[in-house]
Amino acid sequence: MLNLSVDEVLTTTRTVRKRLDLTRPVPRALVEDCIDLALQAPNGSNNQAFEFVIVEDAAMRAKVAAIYRAGMQHFIDMIAADPSIYSINDVGRSHRREEMSTSTAHLNDHMHEVPLLVIPTLMGRMEGQHIFYQASLWGSVWPTTWNFMLACRSRGLGTALTTVHLWKEREMADLLGIPFDKYTQGGLIPVAYTLGTDFKRGQRVPAAEVMHWDRW
Ligand SMILES: Cc1cc2nc3c(=O)[nH]c(=O)nc-3n(C[C@H](O)[C@H](O)[C@H](O)COP(=O)(O)O)c2cc1C
């Protein structure tokens with residue numbers, strides 16, 4: 001345990017890509033503790049309809065990482081074909097984007113070396129669902145996943161929430177035996193000890209800029 005305060009955990013749980021320790025194994029018991037804490041998060045009707053696949057076997061990690069890379073390549077090719085797709089992410093911070101792309105590329109190249117690859121899944125499919133059901137389904141998986149990532153941070157483990165492999169969700173389901181028609185994958189979270197334990201606050205807009213009292 002790093003003995004961080006709640007606020008320290010909330011402000012320093014960064015997306016860790018370059019500072020994942022690829023050489024140090026992560027004990028299974030530690031991951032189970034983090035999943036136990038994850039399950040304390042709120043979830044729709046307390047259905048607890050999620051399952052986590054934790055990939056530890058090196059040969060399987062290589063296959064999972066290959067699918068992640070294929071998803072990333074698919075997204076890159078889509079953006080190359082139609083750059084306007086990327087504009088949903090364009091918030092005018094180009095210096096950050098450059099920094100992020102080297103970091104993203106680093107994780108892309110080393111994903112197979114990360115000791116654990118965690119895939120949260122949720123019972124149900126979103127396709128064609130009313131926004132209420134979509135919110136209920138995603139709204140169940142993210143608090144749980146984020147609790148998991150916070151619990152990891154407080155124990156010296158680094159994580160990165162990624163979703164790009166979902167362009168190849170069916171391939172991942174086939175590889176891992178996830179029943180594709182019944183379960184939606186939330187993403188892929190690499191988990192490793194961090195290289196050093198000091199992390200800074202994220203670059204975010206000031207709260208007052210995004211607050212609307214009483215009406216928009
Ligand atoms: C929904 C979601 C999807 C993401 N997908 C990816 C991804 O596929 N690959 C990746 O490297 N990072 C991914 N990220 C990480 C973001 O790029 C990261 O949170 C952002 O750069 C801010 O970093 P920070 O939280 O450390 O400040 C994702 C984050 C979120 C919330």
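Scope of the values below: all heavy atoms of this structure, side chains included, with no hydrogens, waters or symmetry mates. If you're wondering where the values come from, they're calculated on a predicted model, not measured in any experiment. Remember, it's 1-based here, ligands and their atoms both numbered in the order they're listed.
Checking His165, Arg14, Arg204 against atom 22 (C) of ligand 1, the nearest heavy atom belongs to Arg204.
Of the N or O atoms in Thr162, none lie within a sub-3.5 Å distance of an N or O in ligand 1. Distances between N or O atoms of Trp142 and those of ligand 1 include no value under 3.5 Å. Considering backbone and side-chain N/O atoms, Leu107 never comes within less than 3.5 Å of an N/O atom of ligand 1.
In this structure, Glu169 pairs ionically with Arg125, as a charged nitrogen and a carboxylate oxygen lie closer than 4.0 Å. A salt bridge links Arg28 with Glu56: at least one charged nitrogen is closer than 4.0 Å to a carboxylate oxygen.
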### From CA spacing to verdict: side chain to side chain contact (heavy atoms under 4.5 Å, CB included), Asp36, Glu32
CA-CA 6 Å; Asp36 180 59; Glu32 193 167 334; 5.7 Å; no
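Contact annotation: the side chain of Phe199 approaches that of Arg19 to within less than 4.5 Å [non-hydrogen atoms, C-beta and beyond]. Looking at Val64 and Leu188, their side chains come closer than 4.5 Å, going by heavy atoms from C-beta outward. Using a 4.5 Å heavy-atom cutoff, the side chains of Gln185 and Leu166 are in contact.
Distances below 4.0 Å separate heavy atoms of Val164 from the following atoms of ligand 1: 8 (O). Remark: ligand 1 atoms within the under-4.0 Å shell around heavy atoms of Tyr68 are 7 (C), 8 (O), 9 (N), 10 (C), 11 (O).
At a heavy-atom cutoff of 4.0 Å, ligand 1 is contacted by no atom of Trp146, backbone or side chain.
Contact analysis leaves Gln203 out of contact with ligand 1, as no non-hydrogen atom separation drops below 4.0 angstrom.
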